[in-house]
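Here is the structure we will look at.
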Amino acid sequence: MEMRKIMALVIAVAVLLSLAVIFATAEGPAAPGDAQMPVPSNGQPSGQTGNETGAVYYLNFKPEQATQWEELAREYTSQTGISVTVMTAASDTYEDTLRSEMEKAQAPTLFQVNGPVGLRTWRDYCLDLSGTALYRELKSDEFALKDGQEVLGVAYAIETYGLIYNRELLSQYCDLPEAVISRPEEITNFETLKAVAEDIQARKEELGVLGAFTSAGMDSSSDWRFKTHLANMPIYYEYRDRGVEVSETIEGTYLDHYRAIWDLYINNATCPPGMIGARSNEDALAEFALGEAVFFQNGTWVYDSLIQNGMEDEQLGMLPLYIGAQGEEEQGLTTGSENYWCVNKRASEEDIAATIAFLEWVITSDEGREALSGDMGFVTPFRTFDEGYTANNALQRAANEYLEAGKTPVSWSFTTIPSETWKNNVGAALLEYAQGTGDWETVRSAFVDGWAAEVTNSQRP
């Protein structure tokens, strides 16, 4: 009888414990994205580490480095047991994704802003990093986003873009009878670039290509190349003339130059202008890698993709983006950063500490430094990378050669663009112009009037 009572008591206790676990699980906080939430390399959701040492949730801006970040996260977790989630936003959706994720119970502990405009939006979420090794290892305050003495963002990748060209194809063109140039280095301004591109287009069958330029794809994976990176050129030169680094107004002084380079792209490409709305960044990359085009506007970040698609260093060169501005012969490649790490100060103390520790491991460990410089191909602004951890590829060497020749790098003035809405409106106007359903005045209005409107919108409480 006593034994039956004991067994009954044991069963009752077991049932109560099971119910307690069930109710505790049901009442717990929802995970980011619920069934679609990102899962880190150790298989645990962000914030669930099996201990009280905190966790890291990184919302990555760069899709082309997603795999490398995930591998690095797995390595860190295997060494420390700390959960690191890496979620990568789809191309051209970072701001929307960040807003959505920040509203969740388990928000990113580590995110990115693109510069002063991005910082203005996320200022209240940014931890002061001035006391961290992350900031102390920066080579210059030029690579930090500061508000007074507070360091609210730290750049981790200095990148360069321009007009990538196929050295073999351009050299073959130079060997054709009556070619405009005898060697690629003779292209030092827009006038020469235009003459070469139009001659290549006229003789494309003779050269065995589909066009001088890859398709100017205007889907969301590709349009940033033109509504942001190419748009940088008229902004940069206007800022230069006015002696400013940021402005609440844009006058459009160089929009005729912007039109000239856009016309050159779309009229001397692998496809007719009316087809670019359906073309993607992958289409352009494939066209270039297959030798179907001589020129491809892009940057150092695309190097790995080109190599993976069968190209070799000897085939790759890069020219500045020439638009016909006075003095552009002394212009170098367009160099800067829109990749600033920010730590979410609204995260728990444990998660903040874990996030800072992860970042400091990334910039000091052999695994982290090799991943950033070797696997991802980044030029980093940290002293810890100076010996043995520098990116070494054809596109980066091209950037260094322009610096060594005393050419002036073009600043990333596009980080002062007032909003994503401005970019999207300019992109839409460029596409309509190319398709013949809109005129250049619509582009001008989106550029100039749209700038003023978006600055006003950003200043409203």
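Small disclaimer: the values here were computed from a predicted structure and weren't measured. These numbers come from the heavy atoms of this one structure, side chains and all, not from hydrogens, waters or symmetry mates.
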Using distance alone, with no hydrogens and no angle criterion, decide if [X] and [Y] have a side-chain donor and acceptor under 3.5 Å apart.
| X | Y | answer |
| --- | --- | --- |
| T416 | Y239 | yes |
| D304 | W301 | no |
| Y433 | E441 | no |
| D241 | Y236 | no |
| D96 | T93 | no |
| Y58 | E70 | no |
| Y57 | E101 | yes |
| T88 | N60 | yes |
| E95 | W122 | yes |

Only pairs at least two apart or in different chains count here, so list each side chain to side chain donor-acceptor pair (under 3.5 Å) that has a residue in residues 282-297.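 As it turns out, the side chain to side chain donor-acceptor pair (under 3.5 Å) pairs with a partner in residues 282-297, which skip direct neighbours, are S215-E287, Y265-Q297, T270-E287, R279-E287, S280-D283.
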
Verify the ring-centre separation between [Y] and [X]: is it less than 6.0 angstrom?
| X | Y | value |
| --- | --- | --- |
| F414 | H229 | yes |
| F111 | Y94 | no |
| F213 | F296 | no |

For the side-chain contact (heavy atoms from CB on, under 4.5 Å) test, which of I250, I235, V426 pairs with I417?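 Of I250, I235, V426, side-chain contact (heavy atoms from CB on, under 4.5 Å) with I417 is met by I235 alone.
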
[X]/[Y] ion pair, N-O < 4.0 Å:
| X | Y | answer |
| --- | --- | --- |
| E159 | K62 | yes |
| D256 | R444 | yes |
| D386 | K139 | yes |
| E103 | R99 | no |
| K423 | D223 | no |
| R123 | E150 | yes |

Kindly write out the residues that satisfy salt bridge (charged side-chain N to carboxylate O under 4.0 Å, His left out) with E432, not counting sequence neighbours, or none if the list is empty.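 Partners of E432 by the salt bridge (charged side-chain N to carboxylate O under 4.0 Å, His left out) criterion come out as none, since no residue qualifies.
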
Stepwise side chain to side chain contact (heavy atoms under 4.5 Å, CB included) test for M311 and L316: CA-CA 8 Å; M311 299 195 76; L316 299 173; 3.7 Å; yes

Parallel, tilted or perpendicular: ring planes of [X] versus [Y], cut at 30 and 60 degrees:
| X | Y | value |
| --- | --- | --- |
| Y254 | H257 | tilted |
| W69 | F358 | tilted |
| W341 | F382 | parallel |

Does the structure place the NZ or CZ of R203 under 6.0 Å from the centre of the six-membered ring of Y173, at an angle of no more than 45° from the ring's axis?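 The answer is no; the distance or angle limit is not met.
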
Is there a donor-acceptor contact under 3.5 Å from the side chain of N298 to the main chain of V302?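 Flag not set: sc N298 to bb V302 has no pair under 3.5 Å.
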
Quick check: does any side chain N or O of N268 sit under 3.5 Å from a backbone N or O of Q201, one acting as donor and the other as acceptor?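 No; judged by distance alone, with no hydrogens or angles, the pair does not exist.
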
Could you walk me through whether W440 and W262 pass the side chain to side chain contact (heavy atoms under 4.5 Å, CB included) test, one step at a time? CA-CA 11 Å; W440 190 254; W262 182 239; 4.1 Å; yes

Can you tell me if E185 has over 12 outside heavy atoms packed within less than 6.0 Å of its CD?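 More than 12 heavy atoms, drawn from other residues, nucleotides or ligands, come within 6.0 Å of this atom.
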
Is it true that, when you exclude E206 itself, more than 12 heavy atoms of the residues, nucleotides or ligands shown sit nearer than 6.0 Å to its CD?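 Yes - once you tally the heavy atoms of other residues, nucleotides and ligands closer than 6.0 Å, there are more than 12.
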
Measure across [X] and [Y] and return the closest heavy-atom pair with its distance rounded to 0.1 Å.
| X | Y | answer |
| --- | --- | --- |
| N232 | Y161 | CB-OH, 3.3 Å |
| V151 | A144 | CG1-CB, 4.1 Å |
| A73 | V86 | CB-CG2, 3.8 Å |
| L193 | F295 | CD1-CZ, 4.2 Å |
| L170 | P184 | CD2-CB, 3.6 Å |
| A371 | L72 | CB-CD1, 3.9 Å |

Measure the shortest side-chain to side-chain distance between P320 and L163 over non-hydrogen atoms and say whether it is less than 4.5 angstrom.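 SC-SC contact between P320 and L163 ruled out.
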
Checking F385 against T390 for the side chain to side chain contact (heavy atoms under 4.5 Å, CB included) test, could you report, in this order, the C-alpha distance in whole Å, the side-chain angles of both residues, the deciding distance, and whether it holds? CA-CA 6 Å; F385 285 75; T390 55; 5.5 Å; no

side-chain hydrogen bond (donor to acceptor under 3.5 Å, both in side chains) partners for S222, two or more places apart: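 Applying side-chain hydrogen bond (donor to acceptor under 3.5 Å, both in side chains) to S222 gives R225.
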
Pair K194, E198 - check salt bridge (Lys or Arg N to Asp or Glu O under 4.0 Å), show working. CA-CA 6 Å; K194 184 175 187 293; E198 291 178 342; 2.8 Å; yes

Separation between CG of L430 and CZ of F226, rounded to the nearest 0.5 Å: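 CZ of F226 is found 9.5 Å from CG of L430.
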
Stepwise side chain to side chain contact (heavy atoms under 4.5 Å, CB included) test for E328 and T188: CA-CA 8 Å; E328 66 182 0; T188 60; over 6 Å; no

